[in-house]
Structures are given as structure tokens and as C-alpha cells.
Amino acid sequence: MNGLAETLAHTLAPGLLYPTAGAILFALGLYGLIRRHHLVLRILALNIMGSGVFMVLLGVAARGEGPPDPVAQALTLTGIVVAVSATAFALALVVHLTRLTGHAVMLPGPPDDDVPVEDISRETHHADGSPADPSSGEDRPS
Amino acid sequence: MNGLLVLFDLVLLAGIVGVAWRCLASTDLFRAVVLFITFGLLLALAWVRLEAPDIALAEAAIGAGITGALLLVTLERLRSIMAERHTGRPHTPPPDPTGPHALLRALHDPPPERRTFLPALTFALVVGGLLVTALWHQPQSTGLEPVVDAHMDVSGVDHPITAVLLNFRAYDTFLELAIVLIALLGAWSLGRHDLIPARPAPGPILPGTLRLLVPVAIVTGVYVLWAGSHAPGGAFQAGAILGAAGILLVLARPRQLPMAPGAPLRLGLTGGVALFLLVGLYGLVAGHGFLGYAEAWAYPLIILIEVAATLSIALALVALFVAGRPTGDDA
Amino acid sequence: MIANTLTIILILVGLVFFAAGTAGLLRFPDVYSRLHALTKADNVGLGLVVLGLMFQASGPADILKLLLIWVLVLAAGTTAAHMVAQRTWTHGEFESDR
Amino acid sequence: MSVFYLAAALFLLGTILLGLIRVLRGPGSGDRMLAAQLFGTTGVTILLLLSMTLEESALIDVALVFALLAVVAAVAFVRQHGLPEPPDTPTHRRNPESTESRESNDDR
């Protein structure tokens with residue numbers, strides 16, 4: 001009984017609980033990165049993976065007695081600023097890609113060089129059930 | 001007390017993982033972005049629990065102020081580009097979002113195909129399982145805390161994280177400032193910016209709030225920068241706060257402000273890296289090694305670098321938010 | 001002792017307002033009524049908690065910071081509510097953009 | 001006393017998790033934004049309570065920064081409409097007059 005309580009206390013200490021959650025976040029982000037196609041969602045998935053890494057770092061830093069490891073915290077701080085700059089750059093790239101090709105979606109399969117980009121974007125709209133109607137925006141009252 | 005703390009940790013972590021999962025499972029991008037903003041808020045609470053108030057401060061400024069605004073504005077840019085391409089005419093008034101048309105597809109991602117489910121799940125489970133196993137079997141160690149603690153008296157500051165960032169591992173910070181600058185150069189290489197138009201604010205509330213918030217943000221930024229030498233705070237957090245205030249100003253300004261002229265803007269953006277490099281080279285010449293300081297000079301030099309780095313980070317974050325080279329500097 | 005009791009009472013009443021705000025956010029039928037519910041949590045809920053914590057603050061600097069936080073959240077809540085309401089009024093409730 | 005603060009913080013964390021239902025259901029983006037706004041305020045309160053429990057006065061600064069920047073996302077949400085066309089091509093070079101007229105259209 002005493003052994004069980006001890007194991008439980010050991011398992012639920014922040015130094016072990018948070019790194020575990022960080023690993024779960026990393027795996028979750030990886031899963032989302034593989035399965036979702038919209039580039040903004042993929043950037044969010046990458047950010048979630050990054051947060052998982054930060055959580056592992058900070059959790060390991062907070063292990064044991066005494067104050068947490070300042071080197072790991074400083075590295076995380078650096079990482080957060082780098083992550084936000086990279087996110088901003090990636091989002092700028094997505095906007096530019098959308099301007100050039102008309103969609104912000106990474107399509108499955110190898111790119112087909114013969115098909116114009118416009119057609120690919122129409123296909124996605126048909127695929128999810130509602131046909132794209134290029135003229136529908138025009139008879140909107142302004 | 002301890003049981004309650006464990007319960008708090010468990011609820012918080014369940015919330016964080018749940019929010020991340022729903023965010024990545026959303027078909028509606030707006031929903032995903034709001035969930036991501038909430039994710040940032042919960043993360044800040046987690047950093048507090050991990051005794052990392054410095055990180056929580058940075059997460060608060062970046063998560064609440066910068067990432068949210070960046071994602072929301074990106075969504076609107078995508079919507080506006082798609083609207084223009086689909087109607088074949090410039091997007092003049094905002095598109096009517098209640099209309100049943102393909103415009104909204106810009107902010108929509110269909111659910112993923114079934115055939116990627118098993119491979120993706122297996123891969124993620126294997127990677128996650130390996131990570132958890134590795135973390136659970138990691139030997140106990142105190143990390144570098146005793147080493148940092150033993151050298152605090154030569155660092156020139158009283159806050160261990162600032163000492164690590166600007167003295168013991170200054171090259172990290174130097175390269176990080178360079179990366180921020182490179183990200184900005186990348187964004188500028190994509191062309192000129194889409195300026196969010198200045199608009200007369202409807203009603204007195206928004207200008208009133210701006211008049212309250214922007215000065216308080218500047219004071220808070222300076223305070224956080226000053227606090228960094230002895231308590232949680234420092235150049236990144238202060239830069240993020242000032243950057244968020246700048247983004248607020250870019251978003252909400254009621255009149256077209258005069259464009260920042262090219263040369264001072266570029267000087268401000270590169271100031272942090274340039275000053276850091278100069279100090280580093282001086283250290284090399286004076287025999288303290290690259291990015292080393294003489295002990296007596298450590299405090300003033302750290303403060304000098306931090307001020308320049310704060311300004312550079314704030315300017316770079318605002319410029320990254322605007323995304324694109326400033327107009328009117330073809331020369 | 002009296003200060004502790006006051007703190008506990010004020011925080012408990014503040015929590016009631018937060019619970020009511022969340023309940024309103026979940027139960028009310030449209031944007032405008034939800035907005036009404038959550039501004040109560042902003043203004044009164046946080047206000048009461050701040051007032052309660054002031055009795056425990058360690059110095060005048062902390063008291064001023066607590067007051068400043070409350071004022072800032074008041075301004076943010078007012079502005080956000082006003083602007084969301086205005087956007088909903090002019091652009092519709094966006095029932096279809098899910 | 002600190003147990004009371006912690007219990008209160010836990011309660012508020014619970015209200016955030018409940019409020020997530022509104023973000024998931026929507027239906028409108030305004031509803032989702034309002035929920036995020038409420039989470040911001042609740043987060044500030046949790047931080048204040050935790051600063052008492054953990055006796056870490058730096059957390060008041062974190063709460064201050066959250067309170068300061070709580071409005072940015074909401075402003076971005078409202079003011080994002082009516083971005084101009086891509087300014088990359090010479091025909092789309094910005095000029096102030098056209099911006100003004102377009103904006104007055106937007107705000108009608």
C-alpha cells in the first residue's frame with residue numbers, strides 16, 4: 001500500500017507528468033502534421049510540436065529539489081522567439097503561395113505537372129461535396 | 001494541498017492536450033485559430049506550474065498578443081485572395097460570409113482521407129511511445145543549476161536566466177537575434193506589404209482604449225526590461241510586449257500614419273545584432289573571447305545590448321506582422 | 001483574521017460571477033446576450049477577486065498592479081465586446097462559416 | 001489560505017474547460033471570439049490566485065501582460081476586414097485616395 005502511494009507520488013510529480021504530456025503533444029502535432037492538408041493547420045501542428053518540446057525541456061528542468069535549471073529555461077525562451085518568427089515567415093509564405101496558386105492546401109500525392117493549378121483547386125472543392133461556383137460571389141448585393 | 005496541486009496539474013494537462021487535439025481536428029480554420037489562442041493561454045499556466053515565470057511572461061506577450069493577431073490576419077488575407085480569384089474582380093467590400101459560395105472554402109479544410117489514418121496513427125504512437133519511455137528512464141540530475149549558481153557573481157546581473165542569456169551563453173542570444181532578422185528578410189523577399197488599411201474608428205471606444213493601452217504597454221515594456229536584471233523579465237519579453245503594442249497600433253490606427261522611413265527602420269532592425277557583434281568582437285580583441293566581457297563592464301554592456309535587442313525584436317515582430325518590404329523605398 | 005474572511009467572501013462571490021458568465025456563454029441564445037453575460041465576469045468577477053486579493057497584498061506596489069490589471073481588463077473587455085457586437089451587427093452572425 | 005486560492009484557481013480552470021464547448025459549437029466566429037475573451041479574463045484571475053498560492057509575486061507581472069494584451073486578438077478579429085488587393089504588381093501600387101474611398105465603403 002505504502003509502495004503504491006510512493007509510486008503514485010513519484011509518477012504524478014511535475015517533473016515526470018509534464019514531460020509525458022509534452023511527449024504526447026509532440027506526437028499529436030506529428031499526427032496532425034501528417035493528416036491535415038491546409039497549410040495553416042500544418043503550421044499550427046508544428047507549433048504544437050514545438051510547445052511539446054518546450055514542455056519536455058521545462059519539465060525536465062523542474063525535476064528534483066531546488067530551483068529549476070536556468071539553462072533549459074533560457075534555451076526555451078530563445079526557442080519561443082525563434083518559433084514565433086518562423087511562424088510569421090511561414091504564414092507570409094502561405095499567403096504568397098495562395099496568391100500564386102489560388103489555394104493554401106498541400107494536396108496528397110505527387111504533383112501532376114500537366115494539370116494547371118487552377119484545376120487542382122477546383123477539384124478539392126468538388127471533393128468535399130459542394131461545387132465551387134466561380135460566379136456565385138458576383139450577384140451578392142453590395 | 002499537494003493532492004490539490006496534482007489535481008490542478010492533471011486538469012490543466014488534460015485541457016492542454018484536449019485543446020491541441022480539437023484544434024488539429026477542426027475543419028473550420030477560424031475555430032482552429034481560436035483554440036490555438038486558448039492553447040497558448042493554458043500553456044502560460046503550465047509554465048507557471050513549472051516554476052518558469054520568465055517563459056510564462058514571454059508566452060503571455062507572444063501567445064496573447066502576437067500569434068493570435070498574426071493568425072487571424074493571415075486567415076483574412078487568405079479569404080480576401082480567394083475571393084478575388086473566384087470572382088475575378090478586386091475585393092472591394094468585404095465578402096458576404098452568409099452567402100453559400102465557395103469563398104469560405106479558403107478557411108475550410110476537408111476532413112483527412114481515411115487511408116492515411118492507420119499509418120499516421122502508428123507513426124505518432126511509435127514516436128510518442130519512444131519519447132515517453134526515454135523520458136521516464138532518464139537519470140535524475142540537477143542539470144546545470146549549481147554551475148550557473150556558482151558563477152552568478154561574475155555575470156554582472158542577479159537573475160540567473162538573464163545571466164545565461166546574455167553572458168554565459170550569449171552566442172545563443174546573438175544567433176537568435178540573427179534568426180529573427182533572417183525570418184524578416186525572408187518575408188521581405190516575398191514582395192511589398194499588404195498594409196492593413198487605416199480606418200476611422202467607429203465610436204470613441206477604440207481610440208480611447210488605444211490611448212490608455214499604448215502608453216501603459218510602453219511603460220510595462222520598459223519595466224519588464226529593467227526587471228530582467230534581478231527578477232523574471234528581460235529583452236525578449238519586453239520586445240514582445242512592445243511588438244504587440246506596435247501590432248495593436250498597426251491594426252487599430254484611425255489615420256494613415258506616415259510610413260517609417262527606410263534607413264532608420266533598417267538601422268533599428270539590425271541594431272541589436274550589430275551592437276551584439278561589436279561587443280563580441282571587442283571582447284575578442286580585448287582577450288575575453290568572442291562575446292566575453294570584462295567583469296567590471298558586464299552589467300553596463302548587458303544593459304546596453306538588452307536595450308538594443310528589445311528595440312530590434314519589437315520592430316522585427318511588427319515588421320513580420322505586416323509581412324513585406326515597406327513601400328516607397330525602391331531606391 | 002477579518003482580512004482573511006473578507007478575502008474569502010469576496011473571492012467566492014467573484015467566482016459566482018465567473019460561473020454565471022460561463023453559464024451565460026453556454027446557455028444564452030445569441031451573440032448579444034452572451035456578450036452581456038461575459039462582460040459581467042470581466043467587470044464584477046475579476047473586480048471582486050482583485051478587491052479580495054488587495055487585503056493580502058504585500059505592499060503598495062502590488063496593490064497598484066492589481067488595480068491596473070483590473071482597469072486594463074475593464075478596458076479590454078469593453079472594447080472587445082463593443083467591437084464584436086458592432087461586427088456582428090454589420091456583417092451578420094456568420095451562421096454559415098463553420 | 002493557499003489551499004483556498006488553489007481550489008478557486010481549479011474552479012476557474014474548470015469554467016475555462018466548460019467554456020470550450022462554446023468555441024467548439026460556435027456557431028458564429030463572434031461567439032468563438034467572445035469565448036476567447038472570457039478565457040483571457042479567467043486566465044488573468046487564475047494567475048493572480050496562483051501567485052498567492054505559490055508565493056511568486058512575478059506572476060502578477062504575467063497577469064499584467066495578459067490583461068494588457070487581451071484586446072489585441074479581438075481588435076485583429078474586427079479590423080482585419082477589407083485588406084487591399086495584392087500590392088505586388090505596379091497597377092496595384094497603393095495610393096492614399098483609393099484607400100480612403102474603399103474604407104468608407106467598408107464602414108457603412
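In the text below, chain A, chain B and the rest are named by the order of the sequence lines, each starting its count at 1.
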Give, as side chain, backbone, both or neither, the part of A:Val40 having an atom under 4.5 angstrom from any heavy atom of chain B. side chain

Most contact-rich option vs chain A, by heavy-atom pairs under 4.5 angstrom, among B:Leu43, B:Leu50, B:Leu131, is B:Leu50

Against chain B, work out which of A:Leu75, A:Thr20, A:Thr78, A:Asn47 has the most heavy-atom pairs shorter than 4.5 Å and name it. A:Thr78

The interface call for B:Leu121 against chain A, heavy-atom contacts under 4.5 Å, is both

Given a strict heavy-atom distance threshold of 4.5 Å, which part of A:Leu25 is in contact with chain B: side chain, backbone, both, or neither? side chain

Does any heavy atom of chain A fall under 4.5 Å from the side chain of B:Thr162, the backbone, both, or neither of them? neither

A:Phe26 portion near chain B, given a 4.5 angstrom heavy-atom threshold: side chain

Contact winner vs chain A - B:Thr67, B:Val132, B:Ile55, B:Ile179, heavy-atom pairs under 4.5 Å: B:Ile55

Any chance you could lay out the side chain to side chain contact (heavy atoms under 4.5 Å, CB included) test for B:Asp172 and B:Leu165, step after step, and finish with the verdict? CA-CA 7 Å; B:Asp172 275 357; B:Leu165 278 174; 5.8 Å; no

Nearest 0.5 angstrom please: B:Arg49 CZ to A:Leu17 CG, how far? 9.5 Å

Do the side chains of B:Arg77 and A:Arg99 get nearer than 4.5 Å, heavy atoms only? no

Determine, step by step, whether B:Cys23 and B:Phe39 satisfy the side chain to side chain contact (heavy atoms under 4.5 Å, CB included) criterion, reporting the C-alpha distance in whole Å, the side-chain angles of both residues, the deciding distance to 0.1 Å, and the verdict. CA-CA 9 Å; B:Cys23 169; B:Phe39 177 73; over 6 Å; no

Quick check: do A:Leu58 and A:Tyr18 have side-chain heavy atoms less than 4.5 Å from each other? no

Between B:Phe168 and chain A, with a heavy-atom cut-off of 4.5 Å, which part of the residue counts as in contact: side chain, backbone, both or neither? neither

First locate atom CG of B:Leu24, then atom CD1 of A:Ile34, and finally report the distance between them rounded to the nearest 0.5 Å. 11.5 Å

Locate the shortest heavy-atom distance separating A:Gln73 from B:Glu51; write the atom from each residue and the value. NE2-O, 3.1 Å

Between chain B and each of A:Val84, A:Thr87, A:Leu41, A:Leu91, count heavy-atom pairs under 4.5 Å; write down the option with the most. A:Leu91

Who among A:Ala74, A:Ala72, A:Pro19, A:Ala83 has the most heavy-atom pairs with chain B under 4.5 Å? A:Ala74

Counting only non-hydrogen atoms closer than 4.5 Å, does B:Leu135 touch chain A with its backbone (N, CA, C, O), its side chain (CB onward), both, or neither? both

Less than 4.5 Å apart, any side-chain heavy atom of A:Phe54 and any of B:Trp47? yes

Could you grab the distance from atom CD1 of B:Ile161 to atom CZ of B:Arg169, nearest 0.5 Å is fine? 13.5 Å

Full working for side chain to side chain contact (heavy atoms under 4.5 Å, CB included) between B:Ile16 and A:Met55: CA-CA 11 Å; B:Ile16 288 176; A:Met55 198 177 267; 3.9 Å; yes

Under 4.5 Å to a heavy atom of chain A? For B:Val127 that would be side chain

Relative to chain B, which of A:Val82, A:Val94, A:Val81 shows the most heavy atom pairs under 4.5 Å? A:Val81

For A:Leu93, which atoms come within 4.5 Å of any heavy atom of chain B: side chain, backbone, both, or neither? both

Is B:Leu12 in contact with chain A via its backbone, its side chain, both, or neither, using a 4.5 Å heavy-atom distance? side chain

Contacting moiety of B:Ile66, where chain A heavy atoms sit under 4.5 Å: side chain

The interface call for B:Ile62 against chain A, heavy-atom contacts under 4.5 Å, is side chain

For chain B, which of A:Ala88, A:Pro70, A:Gly29, A:Ala27 has the most heavy-atom pairs under 4.5 Å? A:Pro70

As an exercise: rank A:Leu30, A:Ile80, A:Ile48 by heavy-atom pairs under 4.5 Å with chain B and give me the winner. A:Ile48

Step by step, work out the side chain to side chain contact (heavy atoms under 4.5 Å, CB included) result for A:Thr76 and B:Asp54. CA-CA 10 Å; A:Thr76 309; B:Asp54 291 85; over 6 Å; no

Contacting region of A:Ile24 [heavy-atom separation from chain B under 4.5 Å]: side chain

Measuring from atom CZ of B:Phe36 to atom CD1 of A:Ile43, what distance do you get when rounded to the nearest 0.5 angstrom? 10.5 Å

Look at B:Gly186, B:Gly128, B:Ala14 and state which one has the largest set of heavy-atom pairs under 4.5 Å with chain A. B:Gly186

Check each of B:Ile247, B:Leu184, B:Leu70 against B:Leu320 using the side-chain contact (heavy atoms from CB on, under 4.5 Å) test, and report the only one that passes. B:Leu184

